[in-house]
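The structure under discussion appears below in the form of structure tokens.
These figures come from a predicted structure and were not determined experimentally.
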Amino acid sequence: ADTEDMQESFENSSGTDLTYFFEQWIYDEYYPFYHYNFLQTSNNVLNLTIYQAQEELYDYRPVFEMPIRLKLNFQSGGDTIMNVWNDQQLQNFSFGLSEEVSSINFDPDKWILRKVEFKPDLPVGIADFEIDNSINIYPNPFNNRLVIYLNQNQYATVVEYTVYNINGQMIEYSDINASSKKEIETSHYTSGLYYIHIREHGKSGIWKKVIKY
């Protein structure tokens, strides 16, 4: 018997196409390095972001596709197990819960050959803040410059902006006058995905995703 025979036997027994699994764990190399962060809203909706950082850090394959078990620990002392299917390099998940979560154990039984790190600075729920006509950021993708333009009718005199890289590290922080546009020099940025957080003082603000090529 060879590897193809073994895969066929497993697939016949489980009724599942396991091509993705064998491509990752038999024919390719290395393992995933997960970064994660979570944020729970006032109505107990838990938002979780998972980022696979192995390509950026080690030049491994960018995505290992597989289910991940999560142990949610509640403030009350109880816990529950959730399962998610992770098939993107940067992925967001949401869960409606009845209790407040104090912490998350990622792959609690170590079923995955992996590294994992909780990243409290990793932005959470970015996909929920993409559409906002009061802010125009261009060009996107960008190269050596990036322009932020605010609708002056919807913002105060001065607004803060912060640029983060994919690991949640702050790259740049400054102010914008709502009556003018802000041009950022970005020739020193490395290629990749960036988040821009724009907010008025004391407010939560919105997030935008931009790509440096």
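No side-chain heavy atom of Phe10 sits under 4.5 Å from any side-chain heavy atom of Glu8. Residues His35 and Phe118 are not in side-chain contact: their nearest non-hydrogen atoms beyond the backbone lie 4.5 Å or more apart. No side-chain heavy atom of Arg69 sits under 4.5 Å from any side-chain heavy atom of Asn105. Under the 4.5 Å side-chain criterion, counting only non-hydrogen atoms from C-beta, Val210 is in contact with Ile137. With contacts defined as side-chain heavy-atom distances shorter than 4.5 Å, the pair Asp107/Arg114 qualifies. A heavy-atom distance below 4.5 Å is not found between the side chains of Glu99 and Gln75. Put simply, the side chain of Phe64 does not reach to within 4.5 Å of the side chain of Ile112, judged on heavy atoms. For the pair Ile148/Ile176, a side-chain contact is recorded, criterion being any heavy-atom separation below 4.5 Å from C-beta on.
Separation of atoms CG (Asp79) and CG (Leu70) is listed at 12.5 Å; rounding is to 0.5 Å. The CD atom of Gln24 lies 11.0 Å from the OG1 atom of Thr19; values are rounded to the nearest 0.5 Å. In this structure, OH in Tyr194 is found 11.0 Å from CG in Leu146, a value given to the nearest 0.5 Å. In this structure, Ile50 CD1 and Asn86 CG are separated by 5.0 Å, a value rounded to the nearest 0.5 Å. Rounded to the nearest 0.5 angstrom, Met82 CE and Leu46 CG are separated by 8.5 Å. The CZ atom of Phe74 sits 9.0 Å away from the CG atom of Asn44 when rounded to the nearest 0.5 Å.
A distance-only check finds a donor-acceptor pair linking the side chain of Ser13 to the backbone of Ser9 [under 3.5 Å]. Glu23 places no side-chain N or O within 3.5 Å of a backbone atom of Trp25 that could act as its donor or acceptor partner. No donor-acceptor distance shorter than 3.5 angstrom exists from the side chain of Asn47 to the backbone of Phe38, with no hydrogens or angles considered. Looking at Gln7, its side chain never comes within 3.5 Å of a backbone N or O of Glu4 through a donor-acceptor pair. Using a distance-only test at 3.5 Å, with no hydrogens or angles considered, no donor-acceptor pair links the side chain of Ser103 to the main chain of Asn73. Distance alone, capped at 3.5 Å, places no donor-acceptor pair between the Thr16 side chain and the Leu18 backbone. A donor-acceptor pair is defined here as one N or O able to donate and one able to accept, closer than 3.5 Å; no such pair exists between the side chain of Ser94 and the backbone of Val45. Here the side chain of Asn140 pairs a donor or acceptor atom with the backbone of Ile211 at under 3.5 angstrom.
In terms of heavy atoms, Phe95 sits closest to Val84 at CZ-CG1, 3.5 Å. Annotation for Pro120 and Asn37: closest pair O-ND2, 3.0 Å, computed over non-hydrogen atoms. The shortest heavy-atom contact between Ile198 and Tyr161 is CG1-CB, 4.1 Å. Heavy atoms only, all atoms of each residue included: Arg199 and His197 are closest at CD-CE1, 3.6 Å. Smallest separation of non-hydrogen atoms from Ile104 and Leu72: CG1-CD2, 3.7 Å. Taking both residues in full, the closest heavy atoms of Met6 and Phe22 are given as CE-CE2, 3.8 Å, listed atom of the first, atom of the second, then distance.
The same ILVMFWY cluster, assembled from side-chain heavy atoms under 4.5 Å apart, contains both Ile196 and Ile171. Hydrophobic clustering, with ILVMFWY side chains joined whenever heavy atoms are under 4.5 angstrom apart, groups Met66 together with Tyr27. The hydrophobic clustering, which links ILVMFWY residues whose side-chain heavy atoms are closer than 4.5 Å, places Tyr34 and Leu113 together. Following chains of ILVMFWY side-chain contacts shorter than 4.5 Å, one can reach Trp85 starting from Phe21, so the two form part of one hydrophobic cluster.
Applying the ring-ring contact (aromatic ring centres under 6.0 Å, His included) test to Tyr60 and every residue at least two apart in sequence or in another chain returns Tyr30, Tyr31, Tyr58.
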Show your reasoning for whether side chain to side chain donor-acceptor pair (under 3.5 Å) applies to Thr186 and Asn144. CA-CA 5 Å; Thr186 57; Asn144 293 326; 5.5 Å; no
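Outside the 6.0 Å centre-distance limit, the rings of Phe106 and Trp111 are not counted as a close aromatic pair. Aromatic pair Tyr164/Tyr195: ring centres not closer than 6.0 Å. Between Tyr51 and Tyr36, a ring centre-to-centre spacing not shorter than 6.0 Å is recorded.
Ionic pairing of Glu117 and Lys115 is not present here: no N-O contact between side-chain nitrogen and carboxylate oxygen is shorter than 4.0 angstrom.
Partner of Gln89 under the side-chain hydrogen bond (donor to acceptor under 3.5 Å, both in side chains) criterion, out of Glu55, Gln54, Gln52: Glu55 alone.
Figure legend: Arg145 and Phe142 shown without cation-pi pairing, the cationic atom not lying both under 6.0 angstrom from the six-membered ring centre and within 45 degrees of its axis.
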